[in-house]
Undergrad: 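Sharing a structure with you now.
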Amino acid sequence: MPALAAPLSLLAERAPLVNGTAAAAALRPSASQWITIYFIAGYMAAILLLWHIPYLKELLWPFKILAVALHEFGHASAGVCTGARVESITLNPDEGGLTKMRGGNPYITLPAGYIGSAFWGALMVFAGFNVLAAKIVSVVIGIAMLATLIWAKNWLTRGITVLFIGLIAVLWWFKDAFYLRYFVLFLGVMSACYSLWDIVDDLIARRVNESDASAFARLCCNGCLPPQFWGVLWLLISFIFVGCAIIAALVVFKEE
């Protein structure tokens, strides 16, 4: 037994090192993954640059409206899951949106807008590391857009959903969806950036008088916690979504 105890003891001592080495190898980006990471950084830089340049920032407007559509779809889908009847989704040219529903659980439907749009952004960033994943997620996004189209009550909402469904369909068939991957990746980075900025601008900096967070603050413990608290919490959740998406992609798509 003493002769067996020594090797077992040595193995136990080395196990954390082996596990740590395996984890580090799994998280080490491959050559193709580095290219995707560079694209993410480039997309972020371009978005932040265009965001503040007059006239050129209008190039981002359709993608901002898409991010708002995903925000509103988050409310609507959470409402459906909690028994609500969705009456309409409306998008405005000033990047605002409104979802009307009857019933549902407001503890779930109110945060589902900001958290939902961050989730969609993170999901698209994850899929942007792999062509097949981009195809699958683009179908899911297309279904979400079709549902939004069904609930749409104005022409802007209908137009923006049809536009992006059409773009996804074209890129799906063009060159074996090679460019679809980078399009989905851009949509993911744009949606994640817009969601994070929207939370900071609307909820933490309090640029608007009424928001999902202010309504949620009144609902929870009679307003004992301010809207900024919920804004910071939802911001942290959004960062976690994006971080987990990138880590998961590095592990899952290692052979890409």
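Side-chain atoms are counted along with the backbone in the values below, which use heavy atoms only and exclude waters and symmetry mates.
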Undergrad: Among Phe229, Phe241, Phe216, find the one that has a ring pair (Phe, Tyr, Trp, His ring centres under 6.0 Å) with Trp234.
TA: Phe216
Undergrad: Any side-chain heavy atom of Asn130 within less than 4.5 Å of one from Arg181?
TA: no
Undergrad: Does the side chain of Trp120 come within less than 4.5 Å of Leu187's, by heavy atoms?
TA: no
Undergrad: Taking the six-membered ring for Trp, are Phe253 and Phe126 parallel (under 30°), tilted (30 to 60°) or perpendicular (over 60°)?
TA: tilted
Undergrad: Using ring centroids (six-membered ring only for Trp), state whether Phe178 and Phe174 fall under 6.0 Å.
TA: no
Undergrad: Is there a donor-acceptor pair under 3.5 Å between the side chain of Tyr43 and the backbone N or O of Tyr182?
TA: yes
Undergrad: Would you check if Leu146 and Thr161 make a side-chain contact, meaning some heavy-atom pair closer than 4.5 Å?
TA: no
Undergrad: Among Leu123, Leu70, Val125, find the residue that satisfies the side-chain contact (heavy atoms from CB on, under 4.5 Å) test when tested with Ser191.
TA: Leu70
Undergrad: Taking the side chain as everything from C-beta on, heavy atoms only, tell me whether Phe129 gets closer than 4.5 Å to Ile40.
TA: yes
Undergrad: Is there side-chain contact between Met145 and Ile141, with heavy atoms separated by less than 4.5 Å?
TA: yes
Undergrad: Tell me if the CZ atom of Phe239 is crowded by more than 12 foreign heavy atoms within 6.0 Å.
TA: no
Undergrad: Determine all donor-acceptor pairs shorter than 3.5 Å in which one atom belongs to a side chain in residues 91-99; sequence neighbours excluded.
TA:
from, atom 1, to, atom 2, distance (Å)
Asp94, OD1, Gly96, N, 3.3
Glu95, OE1, Tyr194, OH, 3.2
Thr99, OG1, Glu72, O, 3.3
Thr99, OG1, Glu72, OE1, 2.6

Undergrad: Determine, using the 4.5 Å side-chain heavy-atom cutoff (strictly less than), whether Tyr179 and Ile136 are members of one ILVMFWY cluster.
TA: no
Undergrad: Donor-acceptor check, side chain of Glu87 to backbone of Lys100, threshold 3.5 angstrom: yes or no?
TA: no
Undergrad: Any non-hydrogen side-chain atom of Thr82 less than 4.5 Å from a side-chain atom of Met101?
TA: no
Undergrad: Hey, what's the ring geometry for Phe164 with Phe63, parallel, tilted or perpendicular (30° and 60° as the breaks)?
TA: perpendicular
Undergrad: Quick one: does Ile37's side chain get under 4.5 Å of Pro29's, heavy atoms only?
TA: yes
Undergrad: Sequence neighbours left out, what passes side-chain contact (heavy atoms from CB on, under 4.5 Å) with Leu163? Give chain and number order.
TA: Ile160, Leu167
Undergrad: Would you say the side chain of Val131 lies within less than 4.5 Å of the side chain of Leu180, judging by non-hydrogen atoms?
TA: no
